[in-house]
Amino acid sequence: MSERIVVVGAALVDDGRLLAARRSAPVELAGRWELPGGKVEPGETADAALVRELREELGVDAEAGGRVPGEWPLKSPYVLHVWTARLRPGSAAPKPLQDHDELRWLGPGEIWDVDWLDQDVPAVRQTLAHLAPLGGPGTGEVPGA
Ligand SMILES: Nc1nc2c([nH]c(=O)n2[C@H]2C[C@H](O)[C@@H](COP(=O)(O)OP(=O)(O)OP(=O)(O)O)O2)c(=O)[nH]1
């Protein structure tokens, strides 16, 4: 059976907006937008990995909410799981410290303004369906949906 490594992506929501992060590396992903996060380490829970990655990459103090149902294949052996997350009171604002060179908070109607990684598009679409407050008018205009 082939090995499968989970990458957790954060649907970090604040004030009704979703955070998108533009990758700065590796070259084949640079310039495209993703949900911040990273690989779950052996022996680590997914929600702990999410909190750790958000601290390392964005300098924030976040807490995981729940998992968005679904699993999306990335480059083998990775699969993407998405968890909702929010900033804890007193957290610093996110900054692109590692892996990213730009961040954007996307409100309803702006979700598809950024060039998401192809493999993230179905995950983002499912995340929107899961996040009722972001699922208002405007978010339904999904290219190719
Ligand atoms: N974090 C994240 N990674 C994604 C997404 N979509 C996608 O294809 N990936 C890929 C990029 C990488 O090949 C892999 C995760 O790598 P990463 O660089 O974010 O993970 P990491 O911080 O644990 O990596 P490392 O540098 O410590 O090895 O998954 C996404 O939405 N979020």
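Indexing begins at 1, ligand by ligand and atom by atom, following the structure's order.
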What I'd like to find out is whether the side chain of [X] reaches to under 4.5 Å of the side chain of [Y], using heavy atoms alone.
X    : Y    : answer
E102 : W33  : yes
H130 : T84  : yes
L58  : L19  : yes
R17  : L106 : no

Enumerate, one pair per line, all nitrogen or oxygen atoms of ligand 1 lying under 3.5 Å from a protein nitrogen or oxygen, stating the separation to 0.1 Å; write 'none' if no such pair exists.
from	atom 1	to	atom 2	distance (Å)
ligand 1	1 (N)	G37	O	3.2
ligand 1	3 (N)	E34	OE1	3.2
ligand 1	6 (N)	D120	OD1	2.8
ligand 1	8 (O)	Q119	NE2	2.8
ligand 1	18 (O)	R23	NH2	3.1
ligand 1	19 (O)	R23	NH1	3.3
ligand 1	19 (O)	G37	O	3.3
ligand 1	22 (O)	E53	OE1	3.3
ligand 1	23 (O)	K39	N	2.9
ligand 1	23 (O)	E53	OE2	3.1
ligand 1	24 (O)	K39	NZ	3.2
ligand 1	28 (O)	K39	NZ	2.6
ligand 1	31 (O)	L35	N	3.3
ligand 1	31 (O)	L35	O	3.4
ligand 1	31 (O)	D120	OD1	3.4
ligand 1	31 (O)	D120	OD2	2.3
ligand 1	32 (N)	E34	OE1	3.2
ligand 1	32 (N)	L35	O	2.7

* **Smallest separation among heavy atoms of G37 and E57, with atom names** => O-OE2, 2.6 Å

* Pick from D99, D118, D120: which one makes a salt bridge (charged side-chain N to carboxylate O under 4.0 Å, His left out) with R32? -> D118

